Amino acid sequence: MKRITLPARPDWRDKARAVGFGFHVMYGEPYWLDDAAYTFTLDEIEKQIEEPSQELHDMCMDLVGEIVGSEESLDRLAIPEDLRDVVQRSWQRRDRHLYGRFDLAYDGNGPAKLLEYNADTPTSVFETAYFQFNWLTDQITLGVLAKDADQYNFLQESLVEAFEQFPKESIFHFAAITDNEEDRGTTVYLMDCAVQAGHRVELLDIREIGIDAQGRYTDLKDRVIDRCFKLYPWEFMLREPFARELARSGDVFVEPAWKAVLSNKGLLPLLWQRHPNHPNLLPSYFTDDPAASTLTDYVRKPLLSREGENVTIFRDGRESISAPGDYGDEGFIVQAYAPLFESDAGFAVLGSWIAGDRACGLAVREDRSRITANLSRFVPHVIMD
C-alpha cells in the first residue's frame, strides 16, 4: 500500500458536474482528490481486504439472530424497548438488505482491523462505484496509468444484482433529506442502479412521507409505499413520532430494521466475545466490562456516532485527541487502538464494500486527523503489480 501523486485529469470538474457530483467540494474543502491515489498489489487486495471483508460480513450475519433474540444484547445496543419487535420481526422475516461498508485500519503491514460496520446508511457509494472507476479508465486513456492498471471495484454490478432480488411489481421509492447534496446524490445514484435492475423508481424527501387512515406510509400523491430505500439511520427512525407505525409496516424499508444491530458500535464487543483474538478484530468492550480497564491505547466510541462525532483516542491511558458532537447519551464502547496508514497528506481509512452478501469494492478516505470525520477526502485507488 502506497500513496502516490499524479496529474489530475484536466476536465475532471466538468465531468463531476455532468454526472451530478456537485459535492466534490464539501464544507468549503476539497472532498474528491483527482491528483492522488492509493496503490495496492493484487495479493494485498485479495488476501488483506477482500477475503477478510467477506469473512467479517459472514461473522456479522451469523451474529444477528443471537443479538435480536437477547434482551440483554438489545439493552446493550440501546434499541428502544417498545420497538424491539420491529427489529426482531424484520430478522425473522429475513427482510432483504442491500449494502454496507466496513471501515478498516490497514497500513500495509499485518492484517486489516475492523473499526466499525456502516451497515445501515453508508455513503461514498457513488464515488466508489462510479466516479473512481471513471478516473481509472480516463487515466489509462491519458497514459498516466499503465494499460493493465486495475481496481477492486465491482460494486455497481453487485448493487444491480442486489436490487434484482427485490420484487418489481410496485414503485420502488427512494427517500433522503434531499436538500443535502451528498445524500441526494447518493440516493439518485442508487435509484439508477435500481432502474438497471428493472425497477420503477421515485424520489421523495423523507420528511414528505405521510401516513394514511390504515397506518400505511404514503407519498405526496397518496400512493401507498410498498418498498422504500431510505438514506436515514434506523436509530433516528426508531425515535421519530411516526415510529409507532413501524410495527405494521412489514418489510417496506431498505435497509431493513435488523440492520440497526449491525450499524451499532455495540456490535464490536459482541463480535470480540464471539471471536476472541480473530486476526481482523480489535479487542473491544462495553465500558462497564472490567476487561476495558486492561487497554491503555484505545478509542472510546459512542454506540451511535457518525462521522467521528464524540470519538476520543487515548494513548498510554491519557486522552490524545477527541472530536465534538451530539452523541454519547446512549452509551460508549472502547476498542483497542489501531494505527491507520499515515503519509504527509494525513491518515487513511479503508472502506470495504458489501453489496447483497458479497465483498465487492474499496474506497479510501483520508483525514488530517486520526479521527476520520466530515472533512475527510476521497482518494481513488489502483491495483499495480
Side-chain angles (χ1 to χ4, degrees), residues 1-12 15-16 18-19 21 24 31-57 99-113 122-162 189-190 192-193 196 280 340-341 343 345 348-366 376-385:
M1 179 180 178
K2 297 179 182 177
R3 188 187 193 276
I4 63 171
T5 57
L6 67 176
R9 295 169 293 170
D11 57 349
W12 77 264
K15 291 187 172 184
V19 295
F21 188 17
H24 62 77
Y31 169 59
W32 169 269
L33 297 189
D34 211 78
D35 60 353
Y38 283 88
T39 69
F40 300 85
T41 66
L42 180 60
D43 186 68
E44 266 186 310
I45 290 292
E46 291 180 342
K47 302 298 184 185
Q48 302 297 336
I49 301 171
E50 183 177 15
E51 290 180 9
S53 296
Q54 186 65 59
E55 184 177 358
L56 287 168
H57 175 71
Y99 71 153
R101 189 192 74 234
F102 289 112
D103 281 352
L104 305 175
Y106 178 69
D107 63 1
N109 299 297
K113 300 291 187 179
T123 52
S124 77
V125 62
F126 165 80
E127 304 93 288
T128 304
Y130 186 84
F131 205 69
Q132 77 163 340
F133 181 74
N134 283 7
W135 170 89
L136 174 71
T137 57
D138 285 348
Q139 295 288 33
I140 292 173
T141 300
L142 291 167
V144 175
L145 293 175
K147 290 182 179 180
D148 61 351
D150 202 357
Q151 218 170 60
Y152 171 40
N153 195 357
F154 47 100
L155 176 54
Q156 179 162 304
E157 302 95 308
S158 301
L159 286 167
V160 173
E161 290 176 13
Y189 170 72
L190 290 170
D192 182 68
C193 291
Q196 293 180 52
N280 300 114
L340 303 179
F341 181 94
S343 71
V349 64
L350 305 190
S352 185
W353 285 93
I354 305 292
D357 288 298
R358 181 171 68 179
C360 58
L362 177 65
V364 184
R365 291 174 299 141
E366 64 181 19
S376 63
R377 303 171 296 277
F378 190 105
V379 187
H381 79 276
V382 59
I383 299 172
M384 299 195 306
D385 280 319

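These numbers come from a predicted model, not from an experiment.
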**Request:** Give the minimum heavy-atom separation between Thr41 and Ile383, together with the two atoms involved.
**Result:** C-CG2, 3.9 Å
**Asked** Can you name the ring pair (Phe, Tyr, Trp, His ring centres under 6.0 Å) partners of Phe102, sequence neighbours left out?
**Response** Tyr117
**Asked** Are side-chain heavy atoms of Tyr106 and Val364 found at a separation under 4.5 Å?
**Response** no
**Message:** Evaluate Phe40 against Leu362 for side-chain contact (heavy atoms from CB on, under 4.5 Å), listing each step before the verdict.
**Reply:** CA-CA 11 Å; Phe40 300 85; Leu362 177 65; 3.7 Å; yes
**Prompt:** Hey, are the side chains of Leu33 and Glu366 touching, using non-hydrogen atoms and a 4.5 Å cut-off?
**Reply:** yes
**Request:** Verify, without hydrogens or angle tests, whether Tyr152 (side chain) and Cys360 (backbone) share a donor-acceptor contact under 3.5 angstrom.
**Result:** yes
**Worked check of side-chain contact (heavy atoms from CB on, under 4.5 Å) between Trp135 and Leu145** = CA-CA 10 Å; Trp135 170 89; Leu145 293 175; 3.9 Å; yes
**Message:** Any heavy-atom pair between the side chains of His381 and Leu350 that's under 4.5 Å?
**Reply:** no
**Asked** With distance as the sole test, does Asn280 use its side chain to make a donor-acceptor pair with the main-chain N or O of Ala112 at under 3.5 Å?
**Response** yes
**Asked** Are His57 and Asp357 close enough that some pair of their side-chain heavy atoms sits under 4.5 Å apart?
**Response** yes
**Prompt:** More than 12 foreign heavy atoms under 6.0 Å from CZ of Phe154: is that the case here?
**Reply:** yes
**Message:** Is the shortest side-chain heavy-atom distance between Arg358 and Glu161 below 4.5 Å?
**Reply:** yes
**Request:** Give the intermediate values and the outcome of side-chain contact (heavy atoms from CB on, under 4.5 Å) for residues Gln139 and Leu6.
**Result:** CA-CA 9 Å; Gln139 295 288 33; Leu6 67 176; 4.0 Å; yes
**Message:** Looking at every non-hydrogen atom in both residues, tell me the closest pair between Glu50 and Ala359 and how far apart they are.
**Reply:** O-CB, 3.8 Å
**Item:** Residue pair Glu127 / Gln132, side-chain heavy-atom distance below 4.5 Å
**Value:** no
**Complete:** Minimal heavy-atom distance between Gly100 and Trp353, with the atoms involved, is O-CE3, 3.3 Å
**Item:** Over all atoms of both residues, closest heavy-atom pair of Ile140 and Ala146
**Value:** CG1-O, 3.6 Å
**Asked** Just by modelled atom types, is the Thr128 backbone N or O under 3.5 Å from a matching donor or acceptor in the Asn153 side chain?
**Response** yes
**Message:** Are the side chains of Tyr130 and Cys193 in contact, using a 4.5 Å heavy-atom criterion?
**Reply:** no
**Prompt:** Can you name the nearest heavy-atom pair linking Val349 to Asp103, along with the distance?
**Reply:** CG2-CB, 4.1 Å
**Request:** Please test Leu159 against Val125 for side-chain contact (heavy atoms from CB on, under 4.5 Å), starting from the C-alpha separation and ending with a verdict.
**Result:** CA-CA 10 Å; Leu159 286 167; Val125 62; 3.7 Å; yes
**Message:** Parallel, tilted or perpendicular, judged at 30° and 60°: which one describes the rings of Phe131 and Trp32?
**Reply:** perpendicular
**Asked** Which atom names give the shortest non-hydrogen contact between Pro52 and Glu46, and what distance separates them?
**Response** CD-O, 4.3 Å
**Request:** With the side chain counted from C-beta on, respond yes when Leu56 and Leu104 share a heavy-atom pair under 4.5 Å apart, and no when they do not.
**Result:** yes
**Request:** Hey, can you tell me if Phe21 and Phe126 have their rings parallel, tilted or perpendicular (30° and 60° cut-offs)?
**Result:** perpendicular
